[in-house]
There are 2 protein chains.
Amino acid sequence: MQRARTEQAKDQRRNTLLHAALNEFFDKGFTAARMEDIAKLAHVSKGTLYLYFANKQDLFRALIEEIAVPTINLTSQEVLATKTGEQALQFLLQSIAHIIRNTPLPKLVKVIIADGKAFPELVTYYREQVLNRMFSLLETIITKAVEAKEWQCSDIPMTARLIIAPVIFSVVWRMVFESSNEQQNMLDLDALFALHTKHLLVILKVN
Amino acid sequence: MQRARTEQAKDQRRNTLLHAALNEFFDKGFTAARMEDIAKLAHVSKGTLYLYFANKQDLFRALIEEIAVPTINLTSQEVLATKTGEQALQFLLQSIAHIIRNTPLPKLVKVIIADGKAFPELVTYYREQVLNRMFSLLETIITKAVEAKEWQCSDIPMTARLIIAPVIFSVVWRMVFESSNEQQNMLDLDALFALHTKHLLVILKVN
DNA sequence: ATTAAATAACTGACTGGTCAGTTATTTAAT
DNA sequence: ATTAAATAACTGACCAGTCAGTTATTTAAT
């Protein structure tokens, strides 16, 4: 086995272990996932896994804290750089579609739903750092568009939640109800989000 | 310990065990839930639990199959008995709000999300018997209202999914992100569904 | 440049505890 | 007295976490 001597190589290995852990926790759940299997997925021994994480709980905590937040930070900034409410909404939902398709975030969401009860502080962390920040971002977008007389909205916080609802729905659908080999139950993410956006603009736009 | 001698008493006991199991599976997940704790919750010994269910998997399967479907059957019929699309939509979302607040279905949904991967046939069962039936019901409602020139709709299947999205969202939110003692993160179910209904009617109604 | 010593990354067999499932025994009801 | 229900003690498979030993890599001396 090649050794990870430099800090960089260690970060790399740690990251490999975190992603192996995400896949095992996603497939089996916290309790049923085996430390040895996680190690095997990352091509190291169980002993090595314990050089990087003190125990199974620590590994789980690191997972939640290190995978979720980076993805969100990027998106927020880009969304706030747009000119109109319409542009912001369209850009946000397209970014989210991209995240759902191309990042491990949906698996992380499933893991939090499944095993969050054993780690209430992580549920709080995820709610604050990801979901409530999404809501705030949307509330900011709506408020700005209302002030610019572009949009009208009777209940901004609830509307923000209704905008996010299909995101959670599609994540749950893909992670749970779409078994790889059944074509007819696949959810067309782009069509769903396009129609959602269209509906929202009808509701929000002045006139 | 009192004995369950009649068929009725046995059904009663079986039901108590199923609900105890749902609570344990909901709190701990399939693997971490202990058969002895489930028995204790139902005020019987572990041995007695094994008189009613051959093993842990069987208990889990019985749970999914026996708790979900009865609730849905009732609602469908009542919804289809309404006159207009608007009435059907309002009645359906109010019924769902009632189910979310007063039945064990939301816990069951969480359990399926969490442990479904180990029981793919149950995920399929739930998708067909609950979710796809909900979609069909909504598609029927919309189609009827479109035919009656009450509503317009460009994509009926997708619209059905967008109607259900806040249901899944609110179930996940309540089961995962609302920890009992934090008032400020409580989701106002009635307000959410009322606004959702209002939005939908704006989109669907023919001028 | 070669090599021996030192270091630290890595390994996997082992242990202690846990828990699903079984069974011998007790208990309640008829 | 007989039977069926219930129990609690028991067994064995499983796995998180440990640690004594192994080996790749670096360092220092010639």
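Residue numbers begin at 1 in each chain, while the letters A, B, ... track the order of the sequences. Computed from a prediction, not measured in an experiment: that's the story for all the values here.
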Interatomic distance where [atom1] belongs to [X] and [atom2] belongs to [N] [whole Å]:
X      : N       : atom1 : atom2 : result
E36(B) : dA9(D)  : CD    : P     : 10 Å
L49(B) : dA20(C) : CG    : C1'   : 11 Å
H43(A) : dA24(D) : NE2   : C1'   : 19 Å
L17(B) : dT7(D)  : CG    : P     : 11 Å
K46(B) : dT18(C) : NZ    : C1'   : 10 Å
E24(B) : dA20(C) : CD    : P     : 11 Å
E7(B)  : dA5(D)  : CD    : C1'   : 13 Å
Y52(A) : dG17(D) : OH    : P     : 19 Å

Review point. Looking at Y50(B) and N55(B), what are the two nearest heavy atoms and their distance?
Key: CE2-CA, 3.9 Å
I'd like to know if the side chain of [X] reaches the main chain of [Y], judged simply by a donor and an acceptor atom lying under 3.5 Å from each other, with no hydrogens or angles considered.
X       : Y      : answer
T48(B)  : V44(B) : no
N102(B) : H98(B) : yes
K56(A)  : A33(A) : yes

Complementary nucleotide for [N] - Watson-Crick or wobble, under 3.5 Å:
N       : value
dA28(D) : dT3(C)
dA8(C)  : dT23(D)
dG17(D) : dC14(C)

When you measure from the side chain of [X], which nucleotide among [options] comes out closest?
X      : options                   : answer
M35(A) : dT30(C), dT25(D), dA16(D) : dA16(D)
K56(B) : dT11(C), dA20(C), dA8(C)  : dA20(C)
L51(A) : dT11(C), dG21(C), dA29(C) : dT11(C)
Y50(B) : dA29(C), dG17(D), dT22(C) : dT22(C)

Can you find a side chain N or O atom of [X] that sits less than 4.0 Å from OP1 or OP2 on [N]?
X      : N       : result
S45(B) : dA8(D)  : no
T48(A) : dT11(C) : yes
R3(A)  : dT25(D) : no
K10(A) : dA9(C)  : yes

Review point. Checking all strands, does A9(A) fall into the base, sugar-phosphate, or nothing category for heavy-atom contacts under 4.0 angstrom?
Key: nothing
Review point. Touch check for A39(B), heavy atoms < 4.0 angstrom, all strands: base, sugar-phosphate only, or nothing?
Key: nothing
Study note, to complete from the structure: Of R5(A) and V44(A), the one whose closest nucleotide on DNA chain C sits nearer the 5' end is R5(A)
Review point. Do R161(A)'s NZ or CZ and the ring of F135(A) fall within the cation-pi criteria of under 6.0 Å and 45°?
Key: yes
Review point. Is there a side-chain contact (heavy atoms from CB on, under 4.5 Å) between Q57(A) and F119(A) once you walk through the steps?
Key: CA-CA 9 Å; Q57(A) 277 87 353; F119(A) 301 88; 3.7 Å; yes
